Amino acid sequence: MAGPMVQQVAQVAQATPTGWVALVASSAVIGAVIGQVISAISNWLLKIVDAVREKEKKGQVVAHVKLEIMDQLESFANRCANFMYDIEECMEEHYRHVPEAFSNVQRSIPFKFEPAPKWVELPVPFVAPIKALSREYDDTGDWINRTGLWADTADQYRYELERLAFYGLKALAVADSIREDIKAGNGGTVQLEASRSTFTKEIAAMRERYKATGGEITVIPELEALFEREMPDLKAATLREKKADEL
């Protein structure tokens, strides 16, 4: 851009280096060159500033979308905990032989986002674990439905309690990571911590039952895999004990 101007200055300087007309002409050309250089630098800086502002604006929008997803994950977790209370009440009625104890409780709660975020606008590493969480939750729901071939209603609701506890806790873990990512402050509200405690206690109770029976109770596949990792020798020991009793 400034190249031709610089060449022109050089030519003028070489032609009449001592003449006042040449000196004036040279000063004018140099001034024009400097003006164009300053203008070019200013435009370049403005473009950089605009790009930075646009990036900050886009980052702010993405942060708000993440905030909404985090809020919905926490809301889902609280709904899981509340549904667990409802199921526990119905279970108590069932064991007291109350007729149709489960007739007034819903079968499950959906795990979906309303309104649904525009996933394509978010980074894949952020979206992937959330979509996997939703898919796995639904897959376990299908597994529970299939147990109707051999399990009674009370057993199926017991599996539902396990599913709610397991995925409620996972939803809170994802929400916690988002909260930290977007610097949304402390998320330890009373309700959320109560839900977290409910999930933890349910899983701990099932762990003790699993251990006490030597791994011979049916739990949802996720808990089965978790307990087998935690107690890899449990089933083998139970099998050895059975064989010893048969001798």
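Quick caveat: nothing in here was measured; it's all calculated off a predicted structure.
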Could Glu208 and Lys211 be called an ion pair, given the rule that one side-chain N must be under 4.0 Å from one carboxylate O?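 Looking at Lys211 together with Glu208, the answer is no, because their closest N to O distance does not fall below 4.0 Å.
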
Less than 4.0 Å between a side-chain N and a carboxylate O, is that true for Arg163 and Glu136?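 No salt bridge links Glu136 with Arg163.
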
Minimum heavy-atom separation for [X] to [Y], with atom names?
X	Y	result
Gln106	Tyr157	O-OH, 3.1 Å
Val219	Trp143	O-CH2, 3.7 Å
Ala171	Leu133	CA-CD2, 3.9 Å
Ala63	Ile182	O-CD1, 4.1 Å

Any donor and acceptor pair, going by atom type alone, linking the side chain of [X] with main-chain N or O of [Y] inside 3.5 Å?
X	Y	answer
Gln156	Ile144	yes
Ser197	Glu193	no
Ser134	Lys131	no
Glu202	Ala165	no

How long is the gap from [atom1] on [X] to [atom2] on [Y], to the nearest 0.5 Å?
X	Y	atom1	atom2	value
Ile109	Tyr167	CD1	OH	13.5 Å
Lys170	Glu222	NZ	CD	7.5 Å
Ile87	Arg107	CD1	CZ	8.0 Å
Leu234	Glu216	CG	CD	9.0 Å
Arg209	Ile217	CZ	CD1	5.0 Å
Leu169	Ile203	CG	CD1	5.0 Å

Look at the rings of Tyr137 and Phe76 and say which category their plane angle falls in: under 30° parallel, 30 to 60° tilted, over 60° perpendicular.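 Perpendicular.
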
May I have all residue pairs that pass side-chain hydrogen bond (donor to acceptor under 3.5 Å, both in side chains) and include part of residues 79-98, sequence neighbours excluded?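 Listed once each, the pairs are Tyr85-Thr198.
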
Side-chain heavy atoms of Phe83 within contact of Leu161, under 4.5 Å: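 No; the side chains remain at least 4.5 Å from each other.
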
Using side-chain heavy atoms (C-beta onward) and a distance below 4.5 Å, is Thr140 in contact with Tyr159?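 Thr140 vs Tyr159: side chains apart.
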
Intermediate values then yes/no, side chain to side chain contact (heavy atoms under 4.5 Å, CB included), Thr218 and Asp155: CA-CA 9 Å; Thr218 301; Asp155 284 335; over 6 Å; no

